[in-house]
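Report on the following structure.
Keep in mind that this is a model prediction, so the values were computed, not measured.
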Amino acid sequence: MRKTVAGYLIHSITAFGAIAGLISLEEFIKGDIQSGLLWLIICQLIDGFDGPIARKIDIHIHATKFDGHILDLVVDYVTCVMVPVAMLIRLDLLNKDFGFFYCAAIIFTGALWFARTDQETEDHWFNGFPAAWNLVIPTFIILGTNEQLVQLIIVALCILSLTKLKFPHLVKVEFMRELTWTFAVIYFTALTWLSVSYPNGPTSLRPMLVLFPLYIFAISIYHSWKVREIGVRSAND
């Protein structure tokens with residue numbers, strides 16, 4: 001009985017992530033960028049902790065009225081795609097003449113990625129860029145990224161979301177876990193601090209918003225190459 005109650009509580013917390021996304025969006029619409037960034041971080045914290053807790057209490061056994069995986073995908077699409085796209089539009093990060101097409105590309109490829117049947121491998125790597133626009137676009141805002149670079153990164157990541165380049169699930173992947181977790185903690189600390197103190201955060205923390213994504217991209221390329229090599233060797237044997 002306790003695990004059943006706990007299971008439905010976790011489902012409720014996951015669903016609350018969508019409400020936190022709505023609050024974040026409202027703050028951006030009102031022009032309170034700092035508050036909007038903070039509420040988006042709350043969404044990330046909910047997304048990061050609800051899954052491990054759900055698995056710990058075997059939520060799929062004790063709270064079966066709702067499908068936690070589908071619920072997580074619905075909430076993630078709202079908080080990782082729709083809210084960040086609204087931020088792009090509200091803050092005029094893109095030229096109004098062409099901004100619609102970049103935003104449409106994010107929404108389109110994001111929807112396709114969340115519907116992928118091969119979304120996650122058995123060893124917990126994502127196939128393609130996992131539509132983590134809730135991290136990418138706040139980085140644009142905090143760093144004041146110029147429009148041309150914003151456009152280039154959006155196009156590159158939209159294309160990558162439809163590929164089989166392996167991106168690590170930060171919680172589940174065992175490859176280089178200790179280093180990845182160390183980098184991740186430093187990164188999220190820097191992101192939170194810079195969000196809290198926006199727009200006057202310490203410049204010394206800003207490089208981490210670039211270094212950690214570059215690290216993730218590097219191990220993604222390495223792991224994808226390794227998987228391909230193993231596949232080629234198996235085919236030749």
Side-chain angles (χ1 to χ4, degrees), residues 14-48 72-114 128-161 167 170 184 187-201 203 205-210 212-213 216:
T14 301
F16 178 77
I19 297 176
L22 176 63
I23 296 172
S24 174
L25 178 57
E26 183 181 18
E27 294 302 304
F28 278 109
I29 291 174
K30 292 193 301 186
D32 192 339
I33 299 174
Q34 182 188 65
S35 182
L37 289 170
L38 290 176
W39 274 102
L40 207 55
I41 287 175
I42 290 172
C43 295
Q44 295 163 17
L45 290 173
I46 292 172
D47 186 47
D72 193 53
L73 291 178
V74 170
V75 173
D76 281 353
Y77 187 70
V78 171
T79 60
C80 297
V81 179
M82 297 304 296
V83 172
V85 165
M87 291 162 55
L88 270 178
I89 296 171
R90 175 65 180 82
L91 300 179
D92 296 326
L93 295 180
L94 295 170
N95 185 293
K96 291 183 179 179
D97 294 332
F98 301 101
F100 170 83
F101 297 101
Y102 291 100
C103 292
I106 293 173
I107 291 174
F108 178 75
T109 57
L112 290 177
W113 187 85
F114 277 106
F129 170 66
W133 297 102
N134 57 328
L135 298 175
V136 175
I137 294 174
T139 298
F140 292 158
I141 296 170
I142 293 171
L143 298 183
T145 310
N146 70 69
E147 184 179 344
Q148 288 71 30
L149 186 54
V150 168
Q151 294 171 345
L152 179 62
I153 292 173
I154 288 175
V155 170
L157 292 180
C158 284
I159 292 172
L160 285 176
S161 69
F167 285 79
L170 297 184
Y187 168 79
F188 282 109
T189 300
L191 180 63
T192 301
W193 194 339
L194 288 167
S195 297
V196 169
S197 54
Y198 182 87
N200 301 311
T203 56
L205 293 178
R206 294 186 178 185
M208 183 51 61
L209 300 190
V210 176
F212 181 65
I216 292 296

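Here the side chains of Leu135 and Phe212 are not in contact, with every heavy-atom distance at 4.5 Å or above. By the 4.5 Å heavy-atom criterion applied to side chains, Asp47 and Thr79 are not counted as neighbours. Phe28 has its side chain within reach of Ile141: a pair of non-hydrogen atoms, C-beta onward, lies under 4.5 Å apart. The closest side-chain heavy-atom distance from Ile42 to Ile23 is not below 4.5 Å. Side-chain contact between Ile142 and Leu191 is present, with at least one heavy-atom pair separated by less than 4.5 Å. Taking 4.5 Å as the limit, every side-chain heavy atom of Pro84 sits out of range of all side-chain heavy atoms of Leu88. At least one side-chain heavy atom of Leu94 sits under 4.5 Å from a side-chain heavy atom of Val150. Contact annotation: the side chain of Leu170 approaches that of Phe188 to within less than 4.5 Å [non-hydrogen atoms, C-beta and beyond].
Interatomic distance, Leu160 CG to Ile153 CD1, rounded to the nearest 0.5 Å: 11.5 Å. Rounded to the nearest 0.5 Å, atoms CD1 (Ile29) and CG (Asp32) are 12.5 Å apart. Atom CE of Met87 is separated from atom CH2 of Trp133 by 12.5 Å, given to the nearest 0.5 angstrom. To the nearest 0.5 Å, atom CG of residue Leu112 and atom CZ of residue Phe108 are 4.5 Å apart. The structure places CG of Asp76 at 9.0 Å from OG1 of Thr14, a figure rounded to the nearest 0.5 Å. Note that the CG atom of Asn146 and the CZ atom of Phe140 stand 10.0 Å from one another [nearest 0.5 Å].
In this structure a side-chain-to-backbone donor-acceptor pair under 3.5 Å is present from Gln44 to Asn134.
Across every non-hydrogen atom of Thr192 and Ile41, the tightest pair is CA-CD1, 3.5 Å.
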